[in-house]
Amino acid sequence: MIMDLVLWRHAEAEDWVEGCDDLQRSLTSRGQKQAARVATWLDSQLPESAVILCSPARRCEQTALALGRKYKIRKELGPEGLVADVLEAAQWPSARQAVMVVGHQPALGEVIAQLLQLQHQTCQVRKGTVWWLRTRERDGHQQNIVVAVQSPDVL
């Protein structure tokens, strides 16, 4: 069985100001452009049947909206989300279709590090960047591979 997991970190957002609600931070104008560039690439690559899951944070919703597809808000994908939350929400590795998660660091980087069995517990994921991972079975063993990494800076 093959499953694709696409991890999209929200694009550049306003800086957090003490006393303000972190979930209400919006994308900057640069972040909106980043999201639009990555969304154009994703729209040409992502299957129509893909399930899109999004953090409840405004900056993540704005990033997801750039893609112009339906998405589901999942509270457990918020800024405090953990690796287990992301994997459970995505139904990794048994979902029947591609799943995209629009979320935050450090959880996305920790998911990448765990699935790719990196030496470090996390992987840096720049704002607006997409990591496309795939699980597949080869010779009776499950393998997790990187299909693509796409940064808004090069699109």
**Study point:** Candidates Asn144, Leu7, Val149, Val147 - the one meeting side chain to side chain contact (heavy atoms under 4.5 Å, CB included) with Leu133
**Key:**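 Going through the options one by one, the only one that passes is Leu7.
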
**Study point:** Exercise: do Arg136 and Gln143 side chains pair donor with acceptor under 3.5 Å
**Key:**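 Yes, because at least one side-chain N or O of Arg136 sits under 3.5 Å from a partner of the opposite role on Gln143.
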
Point to revise | Glu12-Thr28 side chain donor-acceptor pair, cut-off 3.5 Å | key: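 Side-chain D/A pair, Glu12 to Thr28: present.
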
Within this structure, what is the [atom1]-[atom2] distance for the pair [X] and [Y], rounded to the nearest 0.5 Å?
X	Y	atom1	atom2	answer
Glu137	Ile2	CD	CD1	10.0 Å
Ile145	Thr135	CD1	OG1	9.0 Å
Ser151	Arg37	OG	CZ	8.5 Å
Thr40	Leu67	OG1	CG	9.0 Å
Leu87	Ser94	CG	OG	10.5 Å
Thr129	Gln124	OG1	CD	11.0 Å

Check your understanding: Could you give all pairs that pass the salt bridge (Lys or Arg N to Asp or Glu O under 4.0 Å) test and reach residues 92-112, with sequence neighbours left out?
Key ->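 Not a single pair qualifies under salt bridge (Lys or Arg N to Asp or Glu O under 4.0 Å).
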
Please report the closest heavy-atom contact between [X] and [Y], naming both atoms and the distance.
X	Y	answer
Leu108	Gly103	CD1-C, 3.7 Å
Ala66	Ala36	CB-N, 4.1 Å
Ala35	Ala11	N-CB, 4.0 Å
Gly128	Trp8	O-NE1, 3.1 Å
Met3	Ala95	CE-CB, 3.6 Å
Cys54	Leu77	N-CD1, 4.0 Å

Under 3.5 Å donor-acceptor, [X] side chain and [Y] backbone:
X	Y	value
Gln34	Val38	no
Arg25	Glu14	yes
Gln97	Ser49	no

If you define the side chain from C-beta out and look only at heavy atoms, does anything of [X] sit under 4.5 Å from [Y]?
X	Y	answer
Val102	Leu53	no
Leu5	Val101	yes
Trp131	Val6	no
Pro79	Leu23	yes
Ile112	Val125	yes
His104	His10	yes
Trp132	Gln45	yes
Gln150	Leu155	yes

With hydrophobic residues grouped by side-chain heavy-atom distances under 4.5 Å, do [X] and [Y] end up in a single group?
X	Y	value
Leu46	Val51	no
Trp41	Ile52	yes
Trp92	Leu82	no

Practice item. Determine whether more than 12 heavy atoms belonging to other residues, nucleotides or ligands lie under 6.0 Å from atom CD of Gln121. Key: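 At most 12 heavy atoms, drawn from other residues, nucleotides or ligands, come within 6.0 Å of this atom.
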
Review point. Are there more than 12 heavy atoms of other residues, nucleotides or ligands under 6.0 Å from atom CG of Asp21?
Key: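 Enclosed.
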
Practice item. Any pair with a residue in residues 63-74 that passes side-chain hydrogen bond (donor to acceptor under 3.5 Å, both in side chains), sequence neighbours left out, goes on the list, sorted by first then second residue, please. Key: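 Checked against side-chain hydrogen bond (donor to acceptor under 3.5 Å, both in side chains) - neighbours excluded - the pairs reaching residues 63-74 are Asp43-Arg69, Glu61-Tyr71, Arg74-Glu76.
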
Review point. Does the salt bridge (charged side-chain N to carboxylate O under 4.0 Å, His left out) test come out yes or no for Arg59 and Asp22, once each step is laid out?
Key: CA-CA 10 Å; Arg59 58 195 179 272; Asp22 181 50; 3.2 Å; yes

Point to revise | Pair Asp153-Arg126, side chain to side chain contact (heavy atoms under 4.5 Å, CB included): steps then yes or no | key: CA-CA 10 Å; Asp153 298 336; Arg126 295 186 61 175; 3.3 Å; yes

